[in-house]
Participant: 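What follows is a single structure, and I will ask about it in a moment.
Convention: sequence-line order gives letters A, B, ...; per-chain numbering from 1. Remember, it's a predicted structure, so these values are computed and weren't measured experimentally.
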2 protein chains.
Amino acid sequence: MATGRTHRPATRSRGIPEATVARLPLYLRALTALSERSVPTVSSEELAAAAGVNSAKLRKDFSYLGSYGTRGVGYDVEYLVYQISRELGLTQDWPVVIVGIGNLGAALANYGGFASRGFRVAALIDADSEMAGKQVAGIAVQHSDGLEKIIDENGVSIGVITTPPGVAQAVCDRLVAAGVTSILNFAPTVLSVPDGVDVRKVDLSIELQILAFHEQRKAGEEAEAQAGAAAVAQAAQENNGKGPDGDVPAVMPA
Amino acid sequence: MATGRTHRPATRSRGIPEATVARLPLYLRALTALSERSVPTVSSEELAAAAGVNSAKLRKDFSYLGSYGTRGVGYDVEYLVYQISRELGLTQDWPVVIVGIGNLGAALANYGGFASRGFRVAALIDADSEMAGKQVAGIAVQHSDGLEKIIDENGVSIGVITTPPGVAQAVCDRLVAAGVTSILNFAPTVLSVPDGVDVRKVDLSIELQILAFHEQRKAGEEAEAQAGAAAVAQAAQENNGKGPDGDVPAVMPA
DNA sequence: GCGTGTGAAAGTCTTCACAGCG
DNA sequence: CGCTGTGAAGACTTTCACACGC
């Protein structure tokens, strides 16, 4: 995952834990799939499997939303879809601007799941005059000169930054000044924003580096395990016929 | 953050907390920038600011790696770059395959930061025969028939999935069967993998939904704050000249 | 004196396990 | 009887605050 935040210290009641919020979209996706297959109810066990979490966690998560299940039965799929959608604010429409229409910006504009639920690409913005006027994903790219006006006229509060890292902070500042209060940042830059503005980041190279760390550790453990196995084999040989405990590992890898 | 995992319960010594691992790439990026500006040393305060975290967290994180700082001075930039790179496994080269060369796959292939440190795009793979043979980012796209052979010959252990969701699990299964043990999944699907295989996911629509949640809450709080302000104003009016406590809010929004 | 390194405290998240309701 | 909802325990993470070494 990839996250940066800026929050007051966990508000009063209605306070759904951040970790739970981050999983609600997962549940919603699984529930939507069930709904499309006209499945009427689902147990925490089944839904948890579909969402890739364990059932205790799921039940705890849902308990923060209220008591929406029926004991001995499970959860009503349609009802839950509605409740989670409402909780996430997806019953309203969120106009979004994408700034920086390079490869990635274009890919996101074309991404279907974007419009699917609650989100609408209000505008594509680029600093390159060559780019302005071209159509991407059926939407005309506009020059960044008009950024403030576009945001104001469309009531945009969510901005997606897919610019080169060098200009990301400047773009961010303009977005915030123009009234955007949520930013999804794909540029490999740490954005600084005033209080009250949320930033989430998506960063390919960070994700790869985390994978590399674990990958390296696996390789190390493998070697360690082989060394351990070799030691055991050797110990077994030395121990050959000396006692009845030959199947107990004689060496524990430190 | 966007994450799925599959781990044994936190290994013995050398056990760097997952939260720390996820921040190491951030520190590394900040340090690399300092290194390019030939800055010799940096304090935890400065580096933390550059990485967007607080200094106590950074010092605690570094303490898991060892004692690499000098009291009263700070950290040696070059030395830290090396230590973190080594810890993350970036001193070796990781060949990576990208499967699914649509808009997003192509964008990733073109992404510069990819090759920058430790990673190398070993192959681009697509199921579409039209696609196979075309060049993307200077690399010939290969047909997915040869997936197993490509992985084997290149010693690939990290795979990136940018296919449509419908085929993501099948692709994942083939990657794993061919020997891949780390997967970065951009498809909006929950992948199931055997133990020992790491999956991380990047999901645009989940990130947007999390932002929408907070955005909605801001709107609610604003209304609440206005109501509160109105109530206070009204209370102040009612309280007019009745006591010396007029600057203490008379009404606390429930 | 300054800034690191780190126990200890506080906070958050996950898991357990079972009471209780349909 | 099955499955939800939830206190309580446990694990992990962050923050605090200060001893310690340069």
Side-chain angles (χ1 to χ4, degrees), chain A residues 1 3-13 15-24 26-27 31 39-77 79-80 83-84 210, chain B residues 1 3-24 26-27 31 34 39-77 79-80 83-84 210:
Chain A
M1 175 186 48
T3 310
R5 224 160 298 130
T6 314
H7 267 150
R8 28 233 108 137
T11 349
R12 43 191 140 276
S13 66
I16 300 176
E18 192 58 30
T20 295
V21 172
R23 281 187 295 266
L24 292 180
L26 235 54
Y27 301 144
L31 284 163
V39 177
T41 62
V42 66
S43 71
S44 63
E45 203 71 54
E46 294 163 336
L47 183 53
V53 303
N54 76 46
S55 62
K57 200 187 283 186
L58 178 144
R59 289 202 301 280
K60 182 63 100 178
D61 283 342
F62 285 0
S63 79
Y64 294 116
L65 308 182
S67 285
Y68 295 153
T70 309
R71 289 168 202 242
V73 179
Y75 300 91
D76 182 284
V77 172
Y79 187 58
L80 251 193
Q83 290 298 344
I84 295 180
I210 296 170
Chain B
M1 182 178 45
T3 311
R5 225 160 300 130
T6 313
H7 268 149
R8 38 231 99 137
T11 349
R12 42 189 138 278
S13 67
R14 304 275 329 103
I16 300 177
E18 192 58 31
T20 295
V21 172
R23 281 186 295 265
L24 291 181
L26 235 53
Y27 302 143
L31 284 163
L34 291 172
V39 176
T41 62
V42 67
S43 71
S44 63
E45 203 72 54
E46 294 163 336
L47 183 54
V53 304
N54 75 48
S55 61
K57 200 186 283 184
L58 177 143
R59 286 200 304 278
K60 181 63 100 177
D61 284 342
F62 285 0
S63 79
Y64 294 117
L65 307 183
S67 285
Y68 294 154
T70 309
R71 292 170 201 235
V73 179
Y75 300 92
D76 182 283
V77 171
Y79 187 57
L80 251 192
Q83 289 299 343
I84 295 180
I210 295 171

Participant: Starting at OH of A:Tyr64 and ending at P of C:dT12, how long is that distance when rounded to a whole Å?
Facilitator: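 Between P of C:dT12 and OH of A:Tyr64: 11 Å.
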
Participant: If you compare all heavy atoms of B:Thr20 against all heavy atoms of B:Asp61, which two are closest, and at what distance to 0.1 Å?
Facilitator: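 Scanning both residues, the minimum pair turns out to be OG1-OD1, 2.7 Å.
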
Participant: Provide the closest heavy-atom pair for B:Leu24 versus B:Leu65 in the form atom of the first, atom of the second, distance.
Facilitator: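 In this case the closest contact between B:Leu24 and B:Leu65 is CD2-CD1, 4.1 Å.
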
Participant: Rounded to whole Å, please give me the gap between CD in A:Glu46 and C1' in D:dT4.
Facilitator: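 Computing the A:Glu46:CD to D:dT4:C1' distance gives 14 Å.
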
Participant: Using heavy-atom distances to pick each residue's nearest nucleotide on DNA chain C, tell me which of A:Ala56 and A:Ala19 is more 5'.
Facilitator: A:Ala19

Participant: Distance check needed: C:dT6 P versus B:Asp61 CG, whole Å only.
Facilitator: 13 Å

Participant: Let's go through B:Leu80 and B:Phe62 carefully: what are the C-alpha distance in whole Å and the side-chain angles of both, what is the deciding distance for side-chain contact (heavy atoms from CB on, under 4.5 Å) to 0.1 Å, and is it a yes or a no?
Facilitator: CA-CA 9 Å; B:Leu80 251 192; B:Phe62 285 0; 3.3 Å; yes

Participant: What's the separation between atom CG in A:Asp76 and atom CD in A:Gln83, rounded to the nearest 0.5 Å?
Facilitator: 10.5 Å

Participant: Would you tell me if any nitrogen or oxygen in the side chain of B:Asn54 comes within less than 4.0 Å of OP1 or OP2 on D:dT15?
Facilitator: yes

Participant: Under the side-chain contact (heavy atoms from CB on, under 4.5 Å) rule, what do A:Glu18 and B:Ile210 come out as? Steps first, then yes or no, please.
Facilitator: CA-CA 9 Å; A:Glu18 192 58 30; B:Ile210 295 171; 4.0 Å; yes

Participant: Under 3.5 Å, which protein N or O atoms sit close to an N or O of nucleotides 2-4 of chain C? Give each pair with its distance.
Facilitator:
residue, atom, partner, partner atom, Å
C:dG3, O4', B:Gly72, N, 3.2
C:dT4, OP1, B:Ser44, N, 2.5
C:dT4, OP2, B:Ser44, OG, 2.5
C:dT4, O2, B:Arg71, NH1, 3.4

Participant: Could you tell me the separation between the CD atom of A:Glu18 and the C1' atom of C:dT12, rounded to a whole number of Å?
Facilitator: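 After rounding, the gap between these two atoms is 11 Å.
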
Participant: Let me know the distance between CG of A:Leu47 and P of D:dT4, rounded to the nearest Å.
Facilitator: 10 Å

Participant: Using five base pairs at each end to define the local axes, how bent is the helix from C:dG1-D:dC22 to C:dG22-D:dC1, to the nearest 10°?
Facilitator: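 Rounded value for the end-axis angle: 10°.
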
Participant: Figure out the NZ/C1' separation between B:Lys60 and C:dG7, and round it to whole Å.
Facilitator: 7 Å

Participant: Round to a whole Å and report the spacing from CG of A:Asp76 to P of C:dG22.
Facilitator: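 Result: 16 Å.
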
Participant: What is the minimum heavy-atom distance between A:Gly69 and A:Tyr75, and which atoms define it?
Facilitator: CA-CD2, 3.4 Å

Participant: Taking all non-hydrogen atoms of both residues into account, name the closest pair between B:Ser44 and B:Leu58 and its distance.
Facilitator: CB-CD2, 3.7 Å

Participant: Under 4.0 Å from OP1 or OP2 of D:dT13: is there any side-chain N or O of B:Lys57 that close?
Facilitator: no

Participant: Please name the pair of heavy atoms, one in A:Leu47 and one in A:Val42, separated by the smallest distance, quoted to 0.1 Å.
Facilitator: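 Closest approach of A:Leu47 to A:Val42: N-CG2, 3.7 Å.
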
Participant: Tell me if the aromatic rings of A:Tyr68 and A:Tyr79 count as close, with their centers under 6.0 Å from one another.
Facilitator: yes

